[in-house]
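Here's the structure we're looking at; comments come further down.
Each chain gets a letter, A, B and so on, in the order the sequences are listed, and its residues count up from 1. Model, not experiment: these values are computed from the prediction.
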Amino acid sequence: MDNLTDLKAIWQTAKTDSLPSAAETRALVKKFRRQRLRKKWMVIFASSVMVIIMAGMMFVEHSKMITTQIGGLLIISAGTVLAATNIRSLRRFYALDDVSNFEFLAFIEQTRLNQLYFYKKTQLVIFMLTSVGLLFSLYEPFSKHPLKSAVLLITCTIWLLFSFLVMRPRAYKKNAAALNAMKERLEKISKQLSDQAMPEDHQI
Amino acid sequence: MTDFDDIYNRYAPQIYRICMGYTNNSEQAKDLVQETFIGIWKGLPAFRQQSHIGTWIFRIATNNCLRAMEVARRMPQSDLPFDLAEQREESPEEKLVFLYRCIGELEETDRIIISLVLEDLPQAQIAEIIGLSNVNVRVKVHRIKEKLAKKFKAYGQFN
């Protein structure tokens, strides 16, 4: 094509004066720079707080029943797994450095696989640990004050069943659809990049 | 003026044009420019100058383009812009619109490659941005030019 120069000239006619100024962009960037990873930081913070509170309660309360201690340990384990998973995920994002499009697509695919693993396995483990831990922890107060604690125990049980049987499948379905759409897109773009040049095409 | 301001003033128009080539939508292109500069702001202190800063910036911009799912859903899927014959005009604005539309009909990576070519980046730098060999990029550029030439020929543009 001998009119590439013309195309470049046309390309350069694009008006860019509607772009914000450097100062405006700086203000926007400062406002939004942490937004993408904010959710992960909040999960890490919340799970850490939960672990500290539970450990503190176990240390202060000196429960007599082994069920309460097991419950506490299970909840601490769940919080630790949740925090560790998110810390590992954050480290991946922060470690992502100067990568090409090809490498970036591989990173996104690995992120997708990690998310899928989280929804299928890790989330289930965390949920089971938390549920069993919570019910074990509530057993001691229930045995001492059955009437007072019954409402709390029943409420917790209903909430756990609702979360496990309704909320989790819904969230999984929604996330799985997004992840599948991402998978199709990644496969399509990766295929474009991996198409190897034929030897005869080298003659340009 | 900070380094960031210098970088912004120098590269924002180029990134915007590349994002326009990818999205063919001004608002989405502006969003991608903003995303790119969030990445630049975060990465600038740790930028180790292992590659030219322009290469690094264009990598961030093109990676953002490739990741943008919203853009992908809205892009046309057909191979040729059959509806373009109705819109042949000779004004610079119309030529630019036509060019964007033709580029918008290409595959995602082809859109990125031709946008970088039109920004006058050397093929070696384009290869570094995308992560392909120089030879592969040269072949791809040649094929993209052929695809665009066919589109232009079919509609009698820019002869």
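If you measure heavy-atom distances from B/I112 to chain A, the contacts under 4.5 Å come from the side chain alone. Proximity to chain A involves both the backbone and the side chain of B/S115, based on heavy atoms less than 4.5 angstrom apart. In this structure, chain A has no heavy atom under 4.5 Å from any part of B/Q14. Looking at B/Y100, only its side chain comes within 4.5 Å of chain A, counting heavy atoms on both sides. Residue contact with chain B, scored on non-hydrogen atoms closer than 4.5 Å, involves the backbone of A/S21 exclusively.
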Step-by-step ring pair (Phe, Tyr, Trp, His ring centres under 6.0 Å) determination, A/F107 to A/F93
CA-CA 9 Å; A/F107 174 84; A/F93 278 96; 5.5 Å; yes
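Ranked by non-hydrogen atom pairs under 4.5 Å with chain B, the options A/A9, A/A23, A/P20 are led by A/P20. Contacts with chain A were tallied for B/V117, B/I60, B/I113; B/V117 has the most, counting heavy-atom pairs under 4.5 Å. Among B/N63, B/I40, B/T55, B/I129, the residue with the largest count of heavy-atom pairs under 4.5 Å with chain A is B/N63.
Applying the ring pair (Phe, Tyr, Trp, His ring centres under 6.0 Å) criterion to B/F37, with sequence neighbours excluded, gives B/F4, B/Y8. Applying the side-chain hydrogen bond (donor to acceptor under 3.5 Å, both in side chains) criterion to B/D110, with sequence neighbours excluded, gives B/K147.
Note that CD1 of B/I103 and CZ of B/F98 are 10.5 Å apart. Values are rounded to the nearest 0.5 Å.
Within the 4.5 Å cutoff, side-chain heavy atoms of A/L186 are placed close to those of A/I108. Contact annotation: the side chain of B/R67 approaches that of B/E35 to within less than 4.5 Å [non-hydrogen atoms, C-beta and beyond].
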